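Notes to accompany the following structure.
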Amino acid sequence: MNGLNPQQQAAVTHLGSPLLVLAGAGSGKTRVITQKIAWMIRKGVHSADQIAAITFTNKAAREMRERATQLLTKEEAKGLTVSTFHTLGLNIIKREAKRLGYKKNFSILDAQDSEAILKELAHKEDVEEADNLRWIISRWKNDFISVEQAALLANTTDEKLAAILYEKYQRQIKAYNAVDFDDLIVLPVQLFEQHPDALQHWQNKLRYLLVDEYQDTNACQYRLIRLLAGIRGALTAVGDDDQSIYAWRGARPENIAQLQQDYPLLKVVKLEQNYRSTSRILQSANKLIGNNPHLFKKNLWSTLGEGDPIRIMPCRTPEHEVEKVVSEILKARFRDRADFKDFAILYRGNHQSRLFEKALRENNIAYKISGGTSFFSRAEVKDILAYLRLIANPDDDAAFLRIINTPKREIGTSTLEKLGEYAFERKTSMLTAAQELGFAQRVSAKATQRIETFCFWLHEITRAAENTDPTSIVKQVINDVSYEDWLKNTCNTPKQAESRMKNVWEIVEWIRKLHDDGAGKETLGEIIAHMSLVDMLERNSEEKEQDAVALMTLHAAKGLEFPSVFLVGVEEELLPHANSVDEHSIQEERRLAYVGITRAQKNLTISYAKTRSRYGEASTVEPSRFLEELPPEHLEWEDKKAAITPEQRQETARAYVANLQALLGD
DNA sequence: CAATAAGGTATTTTT
DNA sequence: TACCTTATTG
């Protein structure tokens, strides 16, 4: 309890009724959650194995676990659950797979897998545009709307089509003995609503729940929490409605209000002291967000001093903007001995990173960019995992289709189409169908031969997998299919092939680690399930704490903080985004700006360009309306007349680089 | 089946 | 403008 402010203490020690902690940006919410866990265990209220903390990201879960266990002895912390919604869901499903109609070796489909399946189904229905429909279906699943309900409530033509595809999609992946990410939440809710004994088992096990980033829960996740917390309402929800930026993905910030309705005894604690930013930054953030409607009024304050005003940098062009930012960073680096890792460049859309990357590279400034393609969505990684998935779950047609002709086995589309038809008629998986005589009669002898060879190999390795450790199996797969040769043949450059192969070996290394660590990840199936839910990029980037400027979208910046922040491209059509100017969306855009501002500890610089080429065509753009919503007394506009020319800036930058190189030379 | 050309399309993406 | 996806052709 040392060093907690009165509100934090109240949040930690409140028991007996559900608690909602409205935690403003930088107000120490992780601290409250971890302290509360420790406090409950120490006081003997609950033992560690009766407590579950639930987060959205693996990173948050890892951090929370680390910080909570630091407060406790190893013995005290034993059995504590800290997991993401999806991992918790997976564990619930695993235990009851049979009752839900799945075999215990079910696969987890990632977003790309389900997209491909849906596309294929849409194609069969002669539907062109599958993208819209995918959104509709995902929204239904997030709202816990079943296939049957969707069919009833579908109104528009799109919705009616989506309802048909929804039904087919669910049937399809069920046949694959697979679940998608959304199912990891939907299925536990279904289970609990239909089988009170299953619910009771979990209620019995998890006596107290702490939920992080509560404003980001979707309807289904909230339902899951409400079921688990039961009438006891043994629950602490921590969230901030002002940082709700995922409504477009199904998040329901109104779940905060819902909590009050569902639990009349709900206690609300507000954390308003901010430990991150100087007060001019906070006052500006407060003023901006004050333009949004609020259920609970919040006013962040800090004792970190008034601080510097927020700098506003108008720029002629995006190139000009990039140059200014880069030269500011260099200046700070050499004049104030700042580290590169003290800086973050935040933007609305990923495409905005390009110019910055180029300039940073040219100036020899280390940078790291978060977002982009994750490790597990790389083709080579997905290929290897698909092999493993198929070994663990022969019904996984998605995996089968991915690797049947990768590397090339001369099994073409027409053969596969026939196989698909045949499997559909026989109501079996493609792998099973491929081995049936009836199928052999429909295709050429050559094709049969090729498929047979593959099936035989797969059969052998599947049998070997039963009593061989997973690491050896992966190695054997890579070896047997000559994956390295295939990479060398298909990649444009040998360098590319090498780097891809490096990724492949990283998977092997990962599997080895997971297997050695044990912790319930013994079998191939368990290891793949785990790998489907975590991303290796996180772990890698954390390991090397490099001194690099951070580049990321505003969404990716949530939860982070930096001494100096550049909020760039603060223009109409960009922030707020052109597609998000209706009354509801504009509020989320404002929250996005709010999140950006509140990342800054000491220095905040906001920039915008006056012209920006959009889709190849140059056009004049207006500064963001949000600039007018900031308190003028805390802003310092860069004097346009005094501003040095781009040429002068470049010269400065060059001088700094020379300086840097000289320093490195010593 | 692979290479090439043309076309169409451009928020955000925790799992 | 620059990307990625699809269609076409040999």
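Because the structure is a prediction, the values reported are computed rather than measured. Within every chain, numbering begins at 1; the chains are lettered A, B, ... in the order of the sequence lines, protein sequences first and strands thereafter.
The aromatic ring of A/W248 sits over the base of B/dT12, with ring centres less than 5.5 Å apart and planes inclined by under 30°.
Of the two residues near DNA chain B, A/H351 and A/L533, the one whose nearest nucleotide lies more 5' is A/H351. Along DNA chain B, the nucleotide nearest to A/L592 and the one nearest to A/F181 differ in position, and the one closer to the 5' end is contacted by A/L592.
Looking at heavy-atom distances under 4.0 Å, A/I411 makes contact with sugar-phosphate atoms alone, never a base. Among the protein residues, A/S613 comes within range of no part of the nucleic acid, since none of its heavy atoms lies under 4.0 Å from any strand. Within the 4.0 angstrom heavy-atom criterion, only backbone atoms of the sugar-phosphate kind lie near A/E410; the bases stay farther away. Contact annotation for A/D216: base contact, defined as any heavy-atom pair under 4.0 Å involving a base atom. If you check every strand for non-hydrogen atoms under 4.0 Å, A/Y246 touches a base. Note on A/K408: only backbone sugar-phosphate atoms sit closer than 4.0 angstrom, heavy atoms only; bases stay farther off. Base engagement by A/S580 is indicated by at least one non-hydrogen atom pair under 4.0 Å involving a base atom. A/Q352 comes within 4.0 angstrom of nothing in the nucleic acid, heavy atoms only.
Side-chain nitrogen and oxygen atoms of A/N350 include at least one within less than 4.0 Å of the OP1 or OP2 phosphate oxygen of B/dT12. Dashed line: the shortest gap from a side-chain N or O of A/T553 to OP1 or OP2 of B/dT13 is under 4.0 Å. Contact check, A/N218 against B/dT15: no side-chain N or O comes under 4.0 Å of OP1 or OP2. Listed pair A/N58 / B/dT15 meets the phosphate criterion, a side-chain N or O lying under 4.0 Å from OP1 or OP2. Listed pair A/N405 / B/dC1 meets the phosphate criterion, a side-chain N or O lying under 4.0 Å from OP1 or OP2.
Across all strands shown, C/dC4 forms a Watson-Crick or G-U wobble pair, both distances under 3.5 Å, with B/dG7.
Looking at the side chain of A/H86, the nearest of the listed nucleotides B/dT13, B/dT11, B/dT15 is B/dT15. Checking C/dT6, B/dT11, B/dT13 against every side-chain atom of A/K119, the shortest atom distance belongs to C/dT6.
When the P atom of B/dT14 is taken as reference, atom CG of A/L554 falls 14 Å away, rounded to whole Å. As a whole-Å value, the separation of A/E617 CD from C/dT1 P is 10 Å. When rounded to the nearest whole Å, the span between NE2 of A/H555 and C1' of B/dT14 equals 11 Å. Nucleotide B/dT14 holds its P atom 19 Å from the CG atom of A/L90, rounded to whole Å. Taking atom CG of residue A/L416 and atom C1' of nucleotide B/dC1, one finds them 13 Å apart after rounding to whole Å. Computed from coordinates, the A/R612 CZ to B/dT11 P distance equals 13 Å when rounded to whole Å. Atoms CD1 (A/I586) and P (B/dT12) sit 17 Å apart, rounded to a whole Å. Atom CZ in A/R348 sits about 14 Å away from atom C1' in B/dA10, given to the nearest Å.
The side chain to side chain contact (heavy atoms under 4.5 Å, CB included) with A/C220 is formed by just one residue from the set A/I145, A/V186, A/N142; it is A/V186.
Taking the six-membered ring for Trp, A/Y246 and A/H555 have ring centres closer than 6.0 Å. For an aromatic pair to be called close, the ring centres must be under 6.0 Å apart, and A/F562 with A/F343 fails this.
Between the side chain of A/E589 and the main chain of A/H577, a donor-acceptor pair closer than 3.5 Å is present. Counting only distance, with no hydrogens or angles, the side chain of A/E572 and the backbone of A/R625 share a donor-acceptor pair below 3.5 Å.
B/dT14 and C/dC3 are spaced 26 Å apart, taking the C1' atom of each and rounding to whole Å. Only the C1' atoms considered, C/dT6 is 24 Å distant from B/dT11, to the nearest whole Å.
Judged by distance alone with a 3.5 Å cut-off, no donor-acceptor contact links the side chain of A/R354 to the base of C/dT1.
Salt-bridge check for A/K418 with A/E421: failed, with every basic side-chain N at 4.0 Å or more from each acidic carboxylate O. Ion pairing between a basic and an acidic side chain is recognised when a charged N comes within 4.0 Å of a carboxylate O; A/R612 and A/E321 show such pairing.
With a glycosidic angle more than 90° from 0, C/dT6 adopts the anti conformation.
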